There are 2 protein chains.
Amino acid sequence: MTETPKQTVPVERLRHGDLGDDLSFLLARANALSVSAANTALAAFDLKVRSYSVLALVVGDERPSQRELAEFLRLDPSQVVALVDDLERRGLATRLPDESDRRAKVIVGTTAGRELFAVARRATQRAELEVHSALSAKERELLADTLRRIAYPR
Amino acid sequence: MTETPKQTVPVERLRHGDLGDDLSFLLARANALSVSAANTALAAFDLKVRSYSVLALVVGDERPSQRELAEFLRLDPSQVVALVDDLERRGLATRLPDESDRRAKVIVGTTAGRELFAVARRATQRAELEVHSALSAKERELLADTLRRIAYPR
DNA sequence: ATAAATAATTGTGGAAATCAATAATTAAAA
DNA sequence: TTTTAATTATTGATTTCCACAATTATTTAT
């Protein structure tokens with residue numbers, strides 16, 4: 001029996017089918033790598049990309065309502081309830097009544113929330129830089145511009 | 001009571017915080033739009049991006065093992081079992097013994113699988129074109145090149 | 001004044017991710 | 001060669017995630 005040498009680069013050959021070069025698939029795979037790197041970096045702070053994203057949106061001075069968070073993050077409103085519950089329980093954000101609409105609640109980050117976000121942000125940016133290390137600063141800029149046109153259509 | 005005019009572009013202002021311009025976030029958002037467009041297009045064939053991806057990989061002549069599918073798609077091997085179970089039940093793919101390793105099973109698309117993939121592919125490509133309609137052909141090409149460097153590091 | 005729409009919330013069922021354990025087989029080490 | 005370790009597919013359990021329906025309070029439209 002002649003021995004077939006075992007491949008050391010296992011799935012290389014799968015890259016060159018209909019799928020491996022597909023733009024949507026590349027997008028999905030790049031995103032998967034990015035998300036898991038970010039989650040790894042955020043684990044130290046008991047955050048995931050979801051809760052980190054909410055935190056990022058509420059530590060500024062935009063004071064979004066839960067509905068706005070849901071819409072922007074493409075989440076079901078009920079998921080936002082759970083995410084805000086968690087942040088609030090941990091003292092990182094607060095629900096405030098919306099002065100102009102008593103149905104709505106405005107979410108604002110606390111001081112602790114802002115502080116945690118600051119350090120978590122450094123960690124995610126380090127991780128992100130790692131993921132995109134194959135690209136130059138200029139290429140990253142161009143990529144962001146291009147993705148922005150897809151991410152925010154119209 | 002003075003009335004505050006309701007905004008017609010609701011979350012526009014959230015785009016311009018720390019998050020909205022973040023490369024990883026843009027990647028995630030662009031991908032989310034792409035995935036949901038693809039899933040919508042694939043629903044007509046009782047496929048999702050997951051099962052479509054597996055189908056795409058097995059209708060070629062690479063004859064991947066389940067382990068290779070799992071690795072390439074970044075899935076747990078047990079999820080691949082379920083996906084292949086489904087395709088096999090529907091007569092779209094078959095498990096064949098790997099001649100050189102009797103632990104492994106090689107997955108090959110059936111004729112029906114190839115036919116379904118062909119039409120499903122047209123549908124997803126239409127949907128994809130829609131999602132990326134803000135980009136020219138040249139820009140799509142450049143985007144694919146850039147994403148490829150992130151998606152397949154080293 | 002009444003009706004319709006909206007914001008947050010709860011609960012629910014199904015999909016999916018994660019993890020441990022197992023049987024069969026192969027590869028590595030002694 | 002014999003034993004040991006690693007690998008492949010599989011099952012099952014656990015948890016998390018996601019999409020929906022229903023509910024309450026409030027606001028907007030008729």
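Chain identifiers are assigned alphabetically (A, B, ...) following the order of the sequence lines, protein sequences preceding nucleic acid strands; residue numbering begins at 1 within each chain. Given the structure is predicted, the values throughout are model-derived calculations rather than measurements.
Summarising the hydrophobic clusters (Ile, Leu, Val, Met, Phe, Trp, Tyr; side-chain heavy atoms under 4.5 Å, direct or chained), the residues clustered with B:L129 are none. A:V81 belongs to no hydrophobic cluster, as no Ile, Leu, Val, Met, Phe, Trp or Tyr side chain comes under 4.5 Å of its own. Side-chain heavy-atom separations under 4.5 angstrom define the hydrophobic clusters, and the remaining members of the one that includes A:V108 are A:L96, A:V106.
Residue B:E71 contributes atom CD, which lies 13 Å from atom C1' of D:dT8 at whole-angstrom precision. Rounded to an integer number of Å, the gap from A:Q66 CD to D:dA25 P is 17 Å. Note: CG (B:D86) to P (D:dT10) measures 14 Å, nearest angstrom. Taking atom NZ of A:K105 as the reference point, atom P of D:dT27 lies 13 Å away to the nearest angstrom. The distance from atom CG of B:L75 to atom P of C:dT18 is 10 Å, rounded to the nearest whole Å. Put simply, CG on A:D85 is 11 Å from C1' on C:dA8, counting in whole angstrom units. Between the CG atom of B:D98 and the C1' atom of D:dA9 there is a distance of 12 Å, given to the nearest Å. As rounded to whole Å, 18 Å separates atom P of D:dT8 from atom CG of B:L96.
Smallest separation of non-hydrogen atoms from A:A134 and B:R149: O-NH2, 2.9 Å.
By the side-chain contact (heavy atoms from CB on, under 4.5 Å) test, A:R102 pairs with no residue at all, sequence neighbours left out. Taking the side-chain contact (heavy atoms from CB on, under 4.5 Å) definition, one finds that B:L83 meets it with B:R50, B:S51, B:V54, B:L75, sequence neighbours left out. For A:D85, the salt bridge (Lys or Arg N to Asp or Glu O under 4.0 Å) test picks out A:R95, with sequence neighbours left out.
Look at A:R102 and you'll find a side-chain N or O under 4.0 angstrom from OP1 or OP2 of D:dT27. Residue A:Q79 places no side-chain N or O under 4.0 Å from the OP1 or OP2 atom of D:dC17.
Not a single donor-acceptor contact under 3.5 angstrom links the side-chain atoms of A:R103 to the base of D:dT27.
Of the candidates C:dT25, D:dT10, C:dA8, the closest approach to any side-chain atom of B:V81 belongs to D:dT10.
Pairs passing the ring-ring contact (aromatic ring centres under 6.0 Å, His included) check and including a residue from residues 99-123 of chain A, sequence neighbours excluded, read A:Y52-A:F117.
Among the atoms of the strands shown, only primed sugar atoms or phosphate atoms (P, OP1, OP2) are found under 4.0 Å from some heavy atom of A:R95.
Residues A:R121 and B:D18 are paired through a salt bridge, judged by an N-O separation under 4.0 Å between the basic side chain and the carboxylate.
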Polar pairs (N or O, both sides) under 3.5 Å between protein and nucleotides 12-14 of chain D?
none

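At a non-hydrogen distance threshold of 4.0 Å, nothing from residues 26-51 of chain B comes into contact with DNA chain D.
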